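Here's the structure we're looking at; comments come further down.
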Amino acid sequence: MKYLRTLFKLTIFIIIGIVINILIHNALSESKRDWIKTGLYYPREQWQEFYKLHPNTLDLVILGSSRSLYGISPQIIEEKTELNSFNLSSAAQPFPATYYCLQEVIEYHDIKYLILEIHYDMLTRFYTRPYKIYILENIKTKRRKLEFFWYGFKLREKAEFFLPILNDGNSLTYIFNKLTGNLHNELGDEIYVGKGFAKSFEKFDSNRYENITYDWNDNLINPEVIKYYNKIVQLAEENNIQLVVINFPYTNLVKFNNIERFKKKYRDFILISDNVILLDYHNDELNFSLEDYSDNQHLNWEGAQKLSLDIAVKLLLMN
C-alpha cells in the first residue's frame, strides 16, 4: 500500500506539473498574441473562414508551406477557372499536418482538385513544433485532432506539447528576446486578403541574402514524408480528387549541384501514381525575376500573380 500511495502522489505531482507548465506557457505566449493582434496568425484566420463556408461549395483547395500561402492566389485561380478555391497552406506545413488537413477538407467539401506545394526542402527537413500545432489547434473535428496528435506527432513532439517551456522556441525565450531588443521581426509588409491567402508586398533585398547551394543525397528524404505523401496520394484517389503537385521556383542566388539528379529524384518521388500531375516551376520556362520575390524562397504579390495565373491556365487545359 505504501508503494501505491507513493505512486499515486507521484502521478498527481506530474499531472499538476504538466498543467502548470501549459498554463504558464499559454499565459506568456506573447508571440501568438502579437500575431493575432495584427491579424497575421494566419492558421486561425484561415480555418475560421473555412468553417463559415457552406458545405460542399469548394472545388479546389491548396495545401503546402508558406511558399504557397504567399504564392498561390485562390482569387486569381477562381476568377480564371470558375473553380471555387481556398488556400489552407501554413508555415513549414509538415506532411502529417497536410494529410489531416485534407481529411478535414473532405469532411466538409466534395473538392475536385487538390493543389499540393512540395519543394525540395520539405522532402528532407524534419519539422516539429510549432508547425504541427498550427493545424492541431485550429481544425475543429475532435476525433481528427486526437488521431493527428496520436499518429502524426513523434514522441518528442508529444513531450514538448505537454512541457512547452522546455522547448527551445518557448514563450520565455520570445519574451526575453523582446525585452532585450533581440527579437527578429516576423511581421512583414503583408496582409491577409481572405480565402486563406496572404499578400506579401515585400521586395527582395540583395543585401540581406547570400548564395545558397544544395547537394542532393538520396537517403535524406524524411521517412515521415514518404509515409504521409503516399497517404495523401491514396486519399486523393479514393475521393476522386485530381492531385496537382507544384514545385516552386527559387531565386538565381540558389544553386543546385547535380541539378539533373535533383530533378529526376524529385520527379521519381512525386510521380508515384499516374493520377498525379506535376507542375515543376523550378525547371519550367516561366521566368521570375528578383522583383517577384520577397526572399530567396517566397514570392511576393508580383510573383504570386504571375504563378497563380499560369496555374489557372494549366488547370483549364486539364479539363
Side-chain angles (χ1 to χ4, degrees), residues 7-8 10-26 29 31-32 41-44 46-48 50-51 61-66 69 88-109 111 114 116-118 121-171 196 221-239 241 243 269 272:
L7 180 61
F8 176 75
L10 179 62
T11 302
I12 295 298
F13 176 79
I14 292 173
I15 292 173
I16 292 174
I18 289 174
V19 170
I20 291 174
N21 185 284
I22 293 174
L23 289 175
I24 292 175
H25 175 77
N26 289 338
S29 291
S31 57
K32 187 184 295 183
Y41 183 48
Y42 298 134
R44 191 176 83 157
Q46 291 168 307
W47 285 100
Q48 284 184 350
F50 173 83
Y51 288 122
V61 165
I62 302 155
L63 293 171
S65 72
S66 57
L69 170 66
L88 283 171
S89 303
S90 58
Q93 189 175 96
F95 276 76
T98 302
Y99 173 68
Y100 286 100
C101 279
L102 180 57
Q103 282 195 351
E104 189 77 352
V105 168
I106 292 171
E107 179 113 355
Y108 288 85
H109 295 275
I111 62 172
L114 168 64
L116 178 59
E117 177 263 325
I118 302 177
D121 289 347
M122 291 174 69
L123 301 181
T124 57
R125 289 180 61 182
F126 287 76
Y127 297 110
T128 56
R129 296 183 73 254
Y131 307 115
K132 290 180 180 178
I133 300 294
Y134 293 160
I135 306 304
L136 181 70
E137 68 182 10
N138 284 290
I139 59 175
K140 192 162 66 174
T141 307
K142 291 183 173 59
R143 171 180 52 80
R144 188 153 295 114
K145 281 177 177 283
L146 292 173
E147 288 181 4
F148 179 25
F149 183 76
W150 185 255
Y151 295 110
F153 279 59
K154 297 186 180 73
L155 180 60
R156 171 191 163 189
E157 293 168 338
K158 290 185 176 79
E160 288 180 350
F161 178 83
F162 290 111
L163 298 171
I165 287 182
L166 300 180
N167 185 30
D168 292 338
N170 64 53
S171 52
I221 297 181
N222 184 344
E224 184 177 76
V225 168
I226 298 172
K227 173 183 176 181
Y228 279 95
Y229 178 65
N230 279 273
K231 289 168 76 71
I232 290 167
V233 172
Q234 182 179 354
L235 185 59
E237 290 178 346
E238 290 171 351
N239 289 274
I241 299 169
L243 175 58
F269 178 83
I272 59 172

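On a predicted model such as this, the values are computed, not experimentally measured, just so you know. Throughout, residue positions are numbered sequentially from 1 according to the sequence presented.
- To the nearest 0.5 angstrom, I241 atom CD1 is 4.0 Å from I111 atom CD1.
- Two rings, from Y108 and Y51, have their centers less than 6.0 Å apart.
- Between the NZ atom in K132 and the OG1 atom in T98 there is a gap of 10.5 Å [rounded to 0.5 Å].
- Taking 4.5 Å as the limit, some side-chain heavy atom of H109 sits within range of a side-chain heavy atom of F50.
- Separation of atoms CD (Q234) and CD1 (I272) is listed at 9.5 Å; rounding is to 0.5 Å.
- Relative orientation of the F153 and F149 rings is tilted, given thresholds of 30° and 60° on the angle between their planes.
- For the pair I135 and Y100, the minimum side-chain heavy-atom distance is 4.5 Å or more.
- The side-chain heavy atoms of E117 and Q93, taken from C-beta on, include no pair separated by under 4.5 Å.
- In this structure, the side chain of Q103 does not engage the main chain of L235 through any donor-acceptor pair within 3.5 Å.
- Counting only distance, with no hydrogens or angles, the side chain of E224 and the backbone of P96 share no donor-acceptor pair below 3.5 Å.
- In terms of heavy atoms, S89 sits closest to L69 at CB-N, 3.6 Å.
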Distance-only donor-acceptor pairs under 3.5 Å for side chains of residues 225-233, two or more places apart:
{"unit_1": "Y228", "atom_1": "OH", "unit_2": "Y151", "atom_2": "O", "d": "3.2"}
{"unit_1": "Y229", "atom_1": "OH", "unit_2": "I270", "atom_2": "O", "d": "2.6"}
{"unit_1": "N230", "atom_1": "ND2", "unit_2": "I226", "atom_2": "O", "d": "2.6"}

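- Note that CD1 of I106 and SG of C101 are 11.5 Å apart. Values are rounded to the nearest 0.5 Å.
- The CE atom of M122 sits 12.5 Å away from the CD1 atom of I221 when rounded to the nearest 0.5 Å.
- Within the 3.5 Å criterion, the main-chain N or O of W150 finds a donor-acceptor partner in the side chain of K158.
- Separating the CD1 atom in I62 from the CG atom in L116 is a distance of 11.0 Å, to the nearest 0.5 Å.
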